[in-house]
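The next block holds one structure in the form of structure tokens; read it before the comments.
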Amino acid sequence: MILSVASGKGGTGKTLIATSLALALSEKDKVQLLDCDVEEPNVDIFIRSNVTQSYPVFIPIPKVDEAKCNYCGKCAEVCAYNAIAVVNKKVLIFPDLCHGCGACSYLCPESAITEEGQEIGIVEKGNSGNIELIQGRLTIGQLMAPPIIREVKKHVSFKTEVIIDVSPGTSCPVVEAIKGSDFCLLVTEPTPFGLNDLSLAVEVVRELGIPCGVVINRAGIGDGKVEEYCGKQNIPVLLTIPLDTRIASFYSRGVPLVNGIPEWRGRFVKLFEEIKQKATLPGSPLSLRGLSRAKRGNSAKQSS
Amino acid sequence: MKEVVVLSGKGGTGKTSIVASFAALAQSKVLADCDVDAADLYLLLQPQTKQEHEFWSGQTAYIDNEKCNECGLCQEVCRFGAIENYLVDPISCEGCGFCFQICPVDAITMRENMSGHWFVSETRYGPLVHARLGIAQENSGKLVALVRQNAKHIAEEGNLGYIIVDGPPGIGCAVISSLSGADLALLITEPTLSGMHDLDRVLELCRYFGIPALVCINKYDINEKNSRQIESYCANQKVEVVSLIPFDNVVTEALVNGLPVVEFSDGRVKQEIYNLWRKVSERLTP
Ligand code: SF4
Ligand code: SF4
Ligand code: SF4
Ligand code: SF4
């Protein structure tokens, strides 16, 4: 099963949940843990793996051979992102805008364009006990997280359970990380901010057709509106973690919850079992695995 | 007119509560919520929307199956794996238009995406520009740029002193878009190992774009040892730590009551945020 752990709002304890789940499961079996929060990867602070492999992620950026180019302007015309411009017998390339789609090089009538890789981040692999960690890291100053997330997800194993730590928010990096998972756990806190961001995250997973459940962290700090909302929306609240200075203190020192307070291990194992049960209900993505994505979810994201 | 962007790396460090308090403390300002995919500032400022605009951005390919002869070329060239069985998965499609360009029978059209909304509102603290990115949409960077542009416009028209920006989490496209060209970044961190790691990355980003930064440690007393470590780290980096705010549940209570914390309570948190704004504004207007 591929389980993604997300939260509309940052700082709700997503990484705490993802690492605790992985550690609890790893007592018995091998587990894969993917850190897809490539802008701020924090999983390894808790897992402390030994990195055994590290490689760069590139996106292909066009490079023009001025000797072949006749400045016809075709490349600029086809680029959807204005990443290439032809002015005064010069072809200008703006690597920050380029998505590496390959249209310009393919369509250049003079075959004047080749591509060269621009490094935008790295992927690292490591182990800690039974956990295999794969994490992506966006290079400072680079804009595009999704290609790194895609690269991390290429390592998804179909032999072990897979847990994905997702970045906060609801935009493209979040979608890229959640896409293809069998269940999405949404971590929130019982405050108006937590509720607002949870409701946005719920819209995302629904759009993607992925079943979800909620973990309420720091229960006791705010109000009861998150539970009310989950009840109305028919979303199961699968775990509640109280506001507890001991938990906060372990977290601040990078100690995973299940190591700091071992009685939590059983609760996380149970949480996982419960999720697995929900994720295999008839009609769920996991039960349909094998069908192509196009057949499974062809919901339109556009307004038209 | 000076612009300060409040950032935090991962979010959840109390950034929005601090921005809302600045809204109550600062004279002559416009507020901009650039956390466009999880905008929360409006919950504390209770805006009255004056203008609502659609945000159209990017495109999605669409295949007309009547015209398609199933040659498969589009699937072959698409680098985002968005076409399968002559169907476009709109969520994976990046709108590059490559398939549209090469389809031999013109079976593909590109359709514009309605990617969200942006608003100009009035609050009792002054104007607020905010936005809502559509679900699962791209181009948050562009929407952020639009929000900032309009905030700047309002500041210029009204001859306002400050633009106070609530920034998005992370260090990627939306953050870069909210940071570039700003006068100052205020980084809100917390004394946890993850908070420290995130701070390091955001600080590096500020340096990369040449934006001066100040640091505020929120909830500093949840781990004082880590707080001291952040202070010495910042000293090494020659970045000033301008404020240490203690943990106090009044911040959440204020939130539940829909008020900026400085208007809700009179304790130490209020005092610290008051001092923080004083230091930020001094730095902005030397
Ligand atoms: S399409 Fe090719 S030949 Fe035309 S301007 Fe671009 S690089 Fe030059
Ligand atoms: S690869 Fe695509 S995005 Fe990049 S310049 Fe060429 S056409 Fe534009
Ligand atoms: S390139 Fe055009 S004709 Fe060929 S499979 Fe794609 S849509 Fe159909
Ligand atoms: S527009 Fe680009 S990303 Fe979208 S389906 Fe066509 S080739 Fe793929």
Side-chain angles (χ1 to χ4, degrees), chain A residues 8-12 15 37 39-40 42 45 78 80-81 99-103 106-107 138 140-145 167-175 179 191-193 196-197 200 203-204 207-208 221-223 245 248-249 251-254 292-295 297-304, chain B residues 8-13 16 36-38 40 43 59-60 77 79-80 84-85 87 89-92 94-98 101-102 111 113-114 133-138 140-141 168-176 191-194 197-198 201 204-205 208-209 222-223 226 249 252 255-256 258:
Chain A
K9 178 173 155 47
T12 54
T15 304
D37 187 354
E39 295 178 41
E40 300 285 11
N42 281 339
I45 292 174
V78 300
Y81 311 106
H99 288 224
C101 73
Y106 187 96
L107 292 161
L138 181 70
I140 305 286
Q142 288 293 331
L143 294 140
M144 268 174 260
S167 57
T170 59
S171 61
C172 33
V174 176
V175 172
K179 211 159 64 178
T191 64
F193 288 173
N196 185 50
D197 299 349
L200 295 167
E203 285 187 58
V204 174
E207 181 82 30
L208 293 168
I221 51 166
D223 53 20
T245 46
S249 160
Y251 178 81
S252 75
R253 286 179 280 144
S292 75
R293 181 177 54 210
K295 273 189 208 145
N298 193 28
S299 56
K301 83 169 169 187
Q302 8 178 180
S303 53
S304 53
Chain B
S8 72
K10 75 166 165 181
T13 58
T16 301
V36 296
D37 59 321
D40 284 338
L43 293 169
Q59 298 186 319
T60 302
V77 300
R79 288 191 178 167
F80 306 100
E84 219 175 281
N85 298 323
L87 265 179
D89 169 15
I91 288 178
S92 298
E94 295 217 6
C96 70
F98 197 171
Q101 295 285 348
I102 52 96
R111 294 181 174 177
N113 293 334
M114 221 284 276
L133 190 69
I135 291 306
Q137 288 291 340
E138 287 155 29
S140 55
I171 58 155
C173 110
V175 179
I176 290 174
T192 62
L193 290 189
S194 356
H197 177 247
D198 295 347
R201 306 231 325 143
E204 213 182 307
L205 188 74
Y208 185 91
F209 288 102
I222 60 171
N223 190 326
N226 284 349
N249 207 35
T252 309
L255 174 52
V256 169

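Just so we're on the same page: letters track the sequence lines, and every chain starts at 1.
- Across every non-hydrogen atom of A:E40 and B:H197, the tightest pair is OE1-O, 4.3 Å.
- Once rounded to the nearest 0.5 Å, the distance linking CG of B:N223 with OG of A:S249 reads 6.5 Å.
- Considering only heavy-atom pairs separated by less than 4.5 Å from chain B, the leading option among A:C101, A:S167, A:G254 is A:C101.
- A distance of 10.5 Å separates OG1 in B:T16 from CG in A:N196, rounded to the nearest 0.5 Å.
- Rounded to the nearest 0.5 angstrom, A:E39 CD and B:L205 CG are separated by 9.5 Å.
- Between the CD1 atom in B:I135 and the CD atom in A:E203 there is a gap of 4.0 Å [rounded to 0.5 Å].
- When each of B:V77, B:T252, B:L255 is scored by its heavy-atom pairs under 4.5 Å with chain A, the top score falls to B:L255.
- Comparing A:G100, A:G102, A:G169 by heavy-atom pairs within less than 4.5 Å of chain B, the highest count is held by A:G102.
- For A:F193, the parts sitting under 4.5 Å from any heavy atom of chain B are the backbone and the side chain alike.
- Interface check for chain A: of the options B:L43, B:V36, B:I222, the most heavy-atom pairs under 4.5 Å are formed by B:L43.
- With rounding to the nearest 0.5 angstrom, the CG atom of B:D40 is 8.0 Å from the CG atom of A:L200.
- Proximity to chain A is limited to the side chain of B:L133, based on heavy atoms less than 4.5 angstrom apart.
- Only the backbone of A:Q142 comes within less than 4.5 Å of a heavy atom of chain B; no side-chain atom from C-beta onward does.
- A donor-acceptor distance shorter than 3.5 angstrom exists from the side chain of B:R201 to the backbone of A:L138, with no hydrogens or angles considered.
- Closest of all the heavy-atom pairs between B:S194 and A:Y251 is OG-OH, 3.2 Å.
- A donor-acceptor pair under 3.5 Å links the side-chain atoms of B:N226 to the main chain of A:S252, judged by distance alone.
- Remark: B:D198 CG to A:I45 CD1 distance equals 7.0 Å, nearest 0.5 Å.
- Looking at A:I221, the atoms closer than 4.5 Å to chain B (heavy atoms on both sides) sit in the backbone and in the side chain alike.
- Shown here for A:A80 and B:C96, the closest heavy-atom pair between the two residues is CB-O, 3.4 Å.
- Residue A:T12: no heavy atom, backbone or side chain, is found under 4.5 Å from chain B.
- Contact annotation for B:P169: both backbone and side-chain heavy atoms come within less than 4.5 Å of a heavy atom of chain A.
- Distance alone, capped at 3.5 Å, is enough to place a donor-acceptor pair between the A:T170 side chain and the B:D37 backbone.
- The two atoms that bring A:Y106 and B:I102 nearest to each other are CE2-CG2, 3.5 Å, heavy atoms only.
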